[in-house]
Amino acid sequence: MASSSGETTLILKPDAMTPEVGAWLIVERVGQPDKWIEIGDQPVVVGSGKGCTVSLPDPHVSNRHAELFRSSAGIVVRDLGSSNGTRVANIAVKEVVLSSGAVLTLGTTKLRLELGSEVARKPVGDRELAGVAPRFGGAVGSSPTMRRLFALLGRIAPSNLTVTLIGETGTGKDVLARAIHDVSPRACGPFVVFDCAAAQPSLIESELFGHEKGAFTNAIAARSGVFERAHRGTLFIDEIGEMPLDLQPKLLRALESRQVQRLGGQGERPFDVRIVAATNRNLSKRVDAGTFRKDLYFRLSTAILQVPPLRDHLDDLPDLIVHFLAQEGRSLTVTAPAMELLRNHQWPGNVRELKNVVHSAAALTVDRELDVKDLVFFQSRPAGKAIGGGTSGTIDGSQSLKDQEKAAIQQALQEHGGNRTRAARSLGIAISTLYTKIKKYCLSSDDE
């Protein structure tokens, strides 16, 4: 519609706007990766001047050209008296409420607004992919699969957006959650982990919300819950798909009200946290099955990211192996036969399994290269098949290094009738090393 000044004021369909809805301004630059700027509590000023939030090297853009800010109606763009005007959908505007996907033109520069979960669903273009580093925090990967994931995380990590990571056990969801925290504005705050699968069912409510002294048997002192402990930081709720159904409404209420009431307490306690959740479950199917509340699922669906299994990005094996060797303080090369053996494995335990395999091999090798003979606690096999085809000593790739070593030694001793010399030879380790590990794991065998 036309205003009295002769300019057109365009009102686009506004999106529901709350403090938790993420909003980003994307600057599209020819020949360069797109630049993402979150629109937070403070206005984003765009112009050619050095003091602007976004400085554009465009001769047709004024020193302070326009600003974008949050309002109860949505994200507003306001022209600041520019020489060449601000255009939305090719229409000159003075002030307008934008919808997600709206394109702004300032001079010859294009800017785009993206809101909420659409940011995570937006495909990663070639330009954006080209500017993505082959790692995100402690996660490593130069394959297109992982760099696309890193690009999406790079978009949303600097915000307060709730993120839900979905992937198989061992894919590194916990590592990504920590990385999200470390690059967010909350990095100086606490990073608190709550594992729904590991907590005792009877204590989950107390762990989440805290309790007062005497709230239940053995509550000998007041204790804050994870929401309070994560105040001004990040709360990582792992295995959220295992949350008991009867507690899900209470969790939803806390997430929406940003307040908790301790067990046995009277007043509400406010908290300020960013939520990152993770699960290996298909939450949508669990909603259909009635084991996960639909309203809680929608609350967690602001930005859902799929973390791929290792078998879907095997090109990252060399980078991951170098990364895990560095953790052990080792600089080793990997022989072609060893790499081929690792590449042909199914990796049911994903990156966690690979980490255990590399760490065990690095601990045993005395050479400057890691070869097949050093992979003594690893057998390339379908998931669940026992080492050597036997029925005992099965090693699950998701087991700890200690459990893998113990199972492999037990298997070798059994196969060689308790003869330690032959068992050590079959494992490719010194007899003294075998004696040390037998003592460490309290194993017994018939001597040679």
Of all the heavy-atom pairs spanning [X] and [Y], show the shortest one and how long it is.
X    : Y    : result
F136 : I180 : CE2-N, 3.9 Å
I240 : L300 : CD1-CD1, 3.5 Å
I204 : A199 : CG1-CB, 3.8 Å
A157 : V183 : CB-CG2, 3.4 Å
V175 : G138 : CG1-C, 3.5 Å
L113 : I26  : C-CD1, 4.5 Å

Quick check against the 3.5 Å criterion: does [X] have a side-chain atom that pairs as donor or acceptor with the backbone of [Y]?
X    : Y    : value
T53  : V45  : yes
R420 : L413 : no
T279 : E239 : no
D312 : P308 : no
R274 : L161 : yes
R147 : G141 : no
D367 : E369 : no
S360 : N356 : yes

>> Between I156 and V163, is the side chain to side chain contact (heavy atoms under 4.5 Å, CB included) condition met? List the steps.
In response: CA-CA 8 Å; I156 61 180; V163 180; 3.7 Å; yes
Is the shortest heavy-atom distance from the side chain of [X] to the side chain of [Y] under 4.5 Å?
X    : Y    : answer
V357 : L342 : yes
L283 : L296 : no
Q261 : F209 : no
R112 : L98  : no
R299 : T162 : yes
W347 : P309 : no
F236 : D238 : yes
I237 : V276 : no

What's the spacing between [X] [atom1] and [Y] [atom2] if we round to 0.5 Å?
X    : Y    : atom1 : atom2 : value
M339 : L314 : CE    : CG    : 11.0 Å
L152 : Q306 : CG    : CD    : 11.5 Å
L325 : H359 : CG    : NE2   : 7.5 Å
R155 : L305 : CZ    : CG    : 10.0 Å
T164 : I304 : OG1   : CD1   : 5.5 Å
E207 : D195 : CD    : CG    : 11.0 Å

> Are any of the side-chain nitrogens in D295 or R293 under 4.0 Å away from the carboxylate oxygens of its partner?
Replying inline: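 Yes, charged N to carboxylate O under 4.0 Å.
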> Which pairs, with at least one residue in residues 159-184 and sequence neighbours excluded, count as a salt bridge (Lys or Arg N to Asp or Glu O under 4.0 Å)?
Replying inline: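 Residue pairs with at least one partner in residues 159-184: E168-R311, R178-D182.
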>> If you apply the rule side chain to side chain contact (heavy atoms under 4.5 Å, CB included), what do you find for V192 with V273, and how did you get there?
In response: CA-CA 10 Å; V192 178; V273 302; over 6 Å; no
> Among pairs that include at least one residue of residues 132-144, which meet side-chain hydrogen bond (donor to acceptor under 3.5 Å, both in side chains), considering only residues two or more places apart or in two chains?
Replying inline: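 As it turns out, the side-chain hydrogen bond (donor to acceptor under 3.5 Å, both in side chains) pairs with a partner in residues 132-144, which skip direct neighbours, are S142-D319, S143-D316.
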>> The test is side chain to side chain contact (heavy atoms under 4.5 Å, CB included); show your working for D371 and D374 and say whether it passes.
In response: CA-CA 5 Å; D371 199 4; D374 301 311; 3.9 Å; yes
Please identify each residue that fulfils salt bridge (charged side-chain N to carboxylate O under 4.0 Å, His left out) with [X], with sequence neighbours left out.
X    : result
D272 : R186
R281 : E242
R262 : E212, E228

> Which one of L176, L129, T145 satisfies the side chain to side chain contact (heavy atoms under 4.5 Å, CB included) criterion with F150?
Replying inline: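 The passing option is L176.
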> With sequence neighbours left out, which residue pairs that include part of residues 320-341 fulfil the ring-ring contact (aromatic ring centres under 6.0 Å, His included) condition?
Replying inline: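 Pairs touching residues 320-341 that pass the test: none.
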> For the rings on F227 and F271, is their centre-to-centre separation under 6.0 Å?
Replying inline: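 Yes - the distance between ring centres of F227 and F271 falls below the 6.0 Å cut-off.
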> Is the distance between the ring centroids of H181 and F191 less than 6.0 Å?
Replying inline: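 Ring-ring flag for H181/F191: true, centres closer than 6.0 Å.
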> In this structure, are over 12 heavy atoms from other groups packed under 6.0 Å from R343 atom CZ?
Replying inline: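 Yes, enclosed.
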>> Checking V54 against V44 for the side chain to side chain contact (heavy atoms under 4.5 Å, CB included) test, could you report, in this order, the C-alpha distance in whole Å, the side-chain angles of both residues, the deciding distance, and whether it holds?
In response: CA-CA 7 Å; V54 181; V44 172; 3.8 Å; yes
>> Ignoring hydrogens and geometry beyond distance, is a side-chain donor-acceptor pair present between T171 and N350 at under 3.5 Å?
In response: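 No, N350 and T171 have no side-chain donor paired with an acceptor closer than 3.5 Å.
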